[in-house]
Amino acid sequence: MAVINLGLVIIYPSIGKTSLSITWINTLEMLSVIPPIFILLGLLDVWVQRETMIKLMGEKSGFIGVALAFFLGSAAAGPLYAAFPIAGVLLKKGSKLSNVLIFIGGWSTTKIPMLLFETSAIGWKFMLTRFIIDIPGIALIALIAYITQKALSEKEMKHIFEKAKSQI
């Protein structure tokens, strides 16, 4: 981004200055979000035993695992890129892939804090309308998550879980 912004400043100074400003704002936002996420990841990694995570969100977790994954994603605040390190820890701790995908889907779709903001800023009718429209999307997220997990071979699943263990 530094090279692109520098090029823009040289070629198109006004656009370059705007780009630099936006880049700076985005950098500050990321720096305000990422450290707390990594602190929470560390706490999750230390405090939650693998056996507990397997029981709650693992292969045999059933509806409880789906509901918990969706609730955790929906209760989150922050940009979507913050969900991926958390998803990695969930995989590392033994969560079922489809539950992790549902977690990411819940984070990107419902976000309870966003519903509260929409109610205060735009009104409860808009918030309720958007939420009702999202409900089929939520079901579709779960369906896609299960299809994705079933479509992956055992080798691909093993690779995903090994990557999660090595990255976090």
Side-chain angles (χ1 to χ4, degrees), residues 29-168:
E29 178 188 332
M30 284 178 43
L31 290 174
S32 71
V33 170
I34 291 175
I37 292 294
F38 280 109
I39 290 169
L40 290 173
L41 286 176
L43 294 174
L44 176 67
D45 203 16
V46 171
W47 287 350
V48 179
Q49 297 297 319
R50 181 172 166 76
E51 295 77 26
T52 304
M53 188 62 73
I54 290 171
K55 179 181 174 188
L56 293 174
M57 292 180 63
E59 288 297 326
K60 296 180 182 176
S61 61
F63 178 76
I64 290 174
V66 171
L68 183 59
F70 182 73
F71 175 75
L72 288 174
S74 296
L80 184 58
Y81 60 79
F84 293 106
I86 296 171
V89 169
L90 293 176
L91 287 173
K92 178 183 171 186
K93 289 287 189 172
S95 293
K96 185 164 57 170
L97 179 62
S98 59
N99 286 344
V100 174
L101 295 175
I102 289 168
F103 164 79
I104 293 170
W107 188 304
S108 65
T109 306
T110 50
K111 282 192 184 176
I112 294 167
M114 183 60 76
L115 294 175
L116 299 174
F117 171 76
E118 286 174 357
T119 302
S120 66
I122 305 171
W124 66 270
K125 288 181 183 179
F126 174 85
M127 181 277 300
L128 193 58
T129 302
R130 187 188 69 79
F131 188 71
I132 289 170
I133 290 170
D134 282 348
I135 290 174
I138 294 164
L140 188 61
I141 288 169
L143 179 63
I144 291 170
Y146 282 108
I147 291 171
T148 301
Q149 183 168 329
K150 295 294 182 193
L152 294 172
S153 69
E154 189 66 35
K155 183 179 176 182
E156 291 168 323
M157 291 286 286
K158 185 177 177 184
H159 178 72
I160 290 170
F161 282 90
E162 285 174 1
K163 272 294 219 195
K165 287 180 184 175
S166 69
Q167 297 295 319
I168 304 296

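- A search for salt bridge (Lys or Arg N to Asp or Glu O under 4.0 Å) contacts involving Lys111 returns nothing, not counting sequence neighbours.
- Take Glu156 and apply the side chain to side chain donor-acceptor pair (under 3.5 Å) test, not counting sequence neighbours, and it matches Ser153.
- Note: Leu72 CG to Ile104 CD1 = 12.5 Å, rounded to the nearest 0.5 Å.
- Contact check for Asp45 versus Leu41: no side-chain heavy atoms found under the 4.5 Å cut-off.
- To the nearest 0.5 Å, atom CG of residue Leu97 and atom CD of residue Gln149 are 5.0 Å apart.
- Between Met53 and Leu90 there is a side-chain heavy-atom pair separated by less than 4.5 Å.
- Other residues, nucleotides and ligands contribute more than 12 heavy atoms inside 6.0 Å of the CG atom of Leu152.
- Listed by chain and residue number, Glu118, Asp134 satisfy the salt bridge (Lys or Arg N to Asp or Glu O under 4.0 Å) test with Arg130 (two or more places apart in sequence, or in another chain).
- Among all heavy-atom pairs drawn from Leu91 and Arg50, the shortest one is O-NH1, 4.5 Å.
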Give the table of side-chain donor-acceptor pairs shorter than 3.5 Å for residues 55-63, with sequence neighbours excluded, one pair per line with atom names and distance.
from	atom 1	to	atom 2	distance (Å)
Ser61	OG	Gly58	O	2.8
Ser61	OG	Asn99	ND2	3.2

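- Of all the heavy atoms in Ser32 and Pro35, the pair that sits closest is C-CD, 4.3 Å.
- Interatomic distance, CD of Glu29 versus CG of Leu31, reported as 10.0 Å (0.5 Å rounding).
- The shortest heavy-atom contact between Ser98 and Tyr146 is OG-CE2, 3.4 Å.
- Looking only at side-chain heavy atoms (C-beta outward), Met114 and Phe131 stay at 4.5 Å or farther from each other.
- To the nearest 0.5 Å, atom CD of residue Glu51 and atom NZ of residue Lys93 are 8.5 Å apart.
- Using a 4.5 Å heavy-atom threshold, the side chains of Leu40 and Leu44 count as separate.
- Contact record, Ile138 with Thr109: CG1-CG2, 4.2 Å, taken as the closest heavy-atom pair.
- Counting only residues at least two apart or in different chains, ring-ring contact (aromatic ring centres under 6.0 Å, His included) contacts with residues 94-124 comprise Phe103-Trp107.
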Output a table of donor-acceptor pairs, distance under 3.5 Å, between side-chain atoms of residues 74-89 and any protein atom two or more places apart or on a different chain; print 'none' if there are none.
from	atom 1	to	atom 2	distance (Å)
Ser74	OG	Phe70	O	2.9
Ser74	OG	Thr110	OG1	2.4

